Amino acid sequence: MKERKLLLVTVYVPLVNAVDATSRELTTPSTISMVKRYRDALLAEIDAVADAAAGYEVAAVRFTGGVPLLLGGTNIADILVRLRKRLSLADGVEVTVETIPGKLDEHNLRLFPRIGVNRLEFRVPTLVQREHDLLKVPGPFGQIGADNAMRRYLGPEEWGLRLSFGFEGQTEESWDATLAKVVSMEPSTITLGQVTEPASACVPETLIDRGSRVLEEAGFRSYGDSGVAGFFYFARPGHESVFVNLRSEGVAQLGLGAGTVSLYDGIFYRNTSVVEDYVRHSADPEKVIVEVREA
């Protein structure tokens, strides 16, 4: 029997209520109308690309954004049902949902194990009050503590934090304070993401060196494609993200949503980043894909 090739699936949800100063991704306001239209567009795109993904086995799915939970837990469930129906998902497939503090609730945490979501990642740029206010981070300062307490009670067990470094106003002392607080929370993974504009007066190499040292002393290890595109990945041994590990190995990728990229069978594809164009034409790849070239 021919062995199936592995595939990683990224589902990009650009919905936001507010954008903080460290956001680098495509975003669009969350409205009732847009939630429905974007969900329908994702389902249509899955149907449109299913034949091209035949012969692949999905090892990991990652919902990123924006704030994917603004799509709603029920709509995320519908997308996972459609993925399972149209694509071949591996047994125990890793399913990660990224979020921000304040968007998690008991309903979704109880829903996640039933629909296969087994990993969370919180985007928390800083755990220093002054920087939280400076960056206009959505949600009240300290909300991550309440969210994590709820997660400890209801699951999932695997979870991570994504921090930002190099932003204007950050100091080595404040970076150390954030790192110390993060380590004390004992996440499975920690991602450090570099902000380039506006930049801190601190040298980025100094900040990442300090971050690496603190995390390694706390038992975390660098893994995956760490350092690529300004992101540095750390995990407790045995708790690494399947998605991050396989991406570093060059496994094929399928991007669903506005602005995503796909790479399989030696060809690179990029979807339009214009959200309105995407939701209007997602069922027709010829109108959604704006770039095709050999990888």
Side-chain angles (χ1 to χ4, degrees), residues 12-31 34-35 62-73 96-106 108-109 119-152 159-202 204 207-208 210-211 214-215 229-234 259 275:
Y12 189 82
V13 181
L15 304 176
V16 295
N17 282 339
V19 180
D20 65 74
T22 65
S23 178
R24 296 187 293 181
E25 295 91 356
L26 165 72
T27 54
T28 196
S30 173
T31 63
M34 181 54 75
V35 166
R62 189 175 189 91
F63 288 82
T64 185
V67 184
L69 282 177
L70 290 177
L71 199 59
T96 303
V97 173
E98 294 181 7
T99 189
I100 60 174
K103 298 304 178 185
L104 201 60
D105 58 33
E106 182 176 342
N108 284 329
L109 286 176
R119 200 173 194 104
L120 287 176
E121 182 171 277
F122 291 92
R123 294 203 312 275
V124 186
T126 177
L127 290 177
V128 173
Q129 173 92 57
R130 177 183 62 81
E131 294 174 347
H132 178 277
D133 297 340
L134 177 69
L135 296 172
K136 299 180 181 179
V137 177
F141 179 74
Q143 180 66 43
I144 183 61
D147 285 352
N148 191 39
M150 186 165 49
R151 180 210 59 81
R152 283 199 304 269
W159 73 291
L161 287 164
R162 191 169 100 191
L163 309 176
S164 298
F165 71 93
F167 51 83
E168 186 176 24
Q170 187 178 40
T171 66
E172 293 180 8
E173 291 73 22
S174 67
W175 182 227
D176 288 345
T178 285
L179 291 168
K181 291 177 182 178
V182 166
V183 166
S184 71
M185 297 174 72
E186 301 183 335
S188 307
T189 62
I190 298 175
T191 301
L192 310 181
Q194 183 177 352
V195 175
T196 55
E197 294 181 4
S200 165
C202 298
L207 296 176
I208 192 58
R210 293 170 79 97
V214 169
L215 297 182
F231 288 97
F232 299 81
Y233 303 96
F234 297 84
V275 175

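Being a predicted model, the structure only gives us computed values, none of them experimental. Numbers here are sequence positions counted from 1.
Of all non-hydrogen atoms in P125 and L135, the two that sit nearest each other are CB-CD1, 4.0 Å. Shortest non-hydrogen contact noted between G211 and L179 is CA-CD1, 3.6 Å.
Judged by distance alone, with hydrogens and angles left aside, the side-chain atoms of D147 form a donor-acceptor pair with the main-chain N or O of G102 at under 3.5 Å. Not a single donor-acceptor pair under 3.5 Å links the side chain of R151 to the backbone N or O of L120. Between the side chain of S188 and the backbone N or O of G160, no donor-acceptor pair lies under 3.5 Å. Looking at R130, its side chain does come within 3.5 Å of a backbone N or O of G169 through a donor-acceptor pair.
A search for salt bridge (Lys or Arg N to Asp or Glu O under 4.0 Å) contacts involving E186 returns nothing, not counting sequence neighbours. Scored by the salt bridge (Lys or Arg N to Asp or Glu O under 4.0 Å) test, E131 finds no partners at all (sequence neighbours excluded). Residues passing the side chain to side chain contact (heavy atoms under 4.5 Å, CB included) test with V183 are V214, L215, A218, sequence neighbours excluded. Applying the salt bridge (Lys or Arg N to Asp or Glu O under 4.0 Å) criterion to E173, with sequence neighbours excluded, gives no partner residue. Listed by chain and number, the residues in a side chain to side chain contact (heavy atoms under 4.5 Å, CB included) with P140 are Q143 (sequence neighbours excluded).
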Using the rule given for side-chain hydrogen bond (donor to acceptor under 3.5 Å, both in side chains), can you reason through T96 versus E121, listing the C-alpha separation, both sets of side-chain angles and the distance that settles it, and then say yes or no?
CA-CA 7 Å; T96 303; E121 182 171 277; over 6 Å; no
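Sorted by first then second residue, the salt bridge (Lys or Arg N to Asp or Glu O under 4.0 Å) pairs that include residues 174-183, not counting sequence neighbours, are D176-R210.
Using a 4.5 Å cut-off on side-chain heavy atoms (C-beta onward), Q170 and W175 make contact.
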